[in-house]
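Quick caveat, the model's predicted, so the values are computed rather than measured. Residues: numbered from 1 along the sequence shown. Because only heavy atoms are used, hydrogens play no part in the values below, and waters and symmetry mates are left out as well, while side chains stay in.
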Amino acid sequence: MFRRLFLDHPASVDESYGEHFRVAAGFGWAMLLGALGAFVHALIPALCQRTGSTTVKTLHKRLTRDPQRDGKRPEFEI
């Protein structure tokens, strides 16, 4: 049960639990910040005009990067 809940999925993407936690948490923070920017934009259209779309594009690029090609795992940067 422990293995299924905490280790199987990280291993399936060639990461340790800690690596997977760091990458997944980074994606989560980026999505929260992007969502906040989108809500600010909804309230005041002149603000945060590209925050949501830039966040989506950046995360998509990181998520679909081929780690075998460049020897790197998806990293997170704000």
Side-chain angles (χ1 to χ4, degrees):
M1 176 69 110
F2 178 85
R3 180 175 242 341
R4 183 177 64 83
L5 290 174
F6 293 97
L7 302 176
D8 286 351
H9 173 65
S12 75
V13 292
D14 195 31
E15 293 175 341
S16 69
Y17 174 82
E19 290 170 324
H20 190 269
F21 179 88
R22 182 178 51 81
V23 172
F27 272 75
W29 278 113
M31 287 188 276
L32 283 171
L33 293 173
L36 180 60
F39 280 116
V40 168
H41 177 69
L43 291 170
I44 306 169
L47 299 178
C48 302
Q49 294 180 22
R50 294 182 186 88
T51 304
S53 59
T54 299
T55 300
V56 169
K57 289 174 188 175
T58 300
L59 292 178
H60 178 264
K61 184 177 179 181
R62 292 185 189 287
L63 189 62
T64 58
R65 179 169 55 184
D66 182 2
Q68 299 301 321
R69 184 194 67 208
D70 59 12
K72 298 178 183 175
R73 291 191 175 96
E75 294 292 328
F76 170 73
E77 296 174 12
I78 295 180

I'd like to know if the side chain of S53 and the backbone of R50 have a donor-acceptor N/O pair within less than 3.5 Å. yes
Looking at R62, K61, H60, which hits side-chain contact (heavy atoms from CB on, under 4.5 Å) with T58? R62
Please tell me whether F6 and F21 are part of a single hydrophobic cluster in this structure, the criterion being side-chain heavy atoms less than 4.5 Å apart. yes
Can you name the closest pair of heavy atoms from T51 and L33 and give their distance? CG2-O, 4.3 Å
Would L63 end up clustered with V23 when hydrophobic side chains under 4.5 Å apart are linked, directly or stepwise? yes
Minimum-distance pair of heavy atoms, taken over all atoms of G37 and C48: O-CB, 3.4 Å
Can you find a heavy atom in the side chain of L59 that is under 4.5 Å from one in the side chain of M31? yes
Pairwise distance CZ(F27) to CG(L32) - rounded to 0.5 angstrom: 13.5 Å
Closest non-hydrogen atoms of Q49 and H41, given as atom of the first, atom of the second and distance, are CA-ND1, 3.8 Å
Verify the cluster assignment for F39 and L43: are they in a single hydrophobic cluster under the rule of side-chain heavy atoms below 4.5 Å apart? no
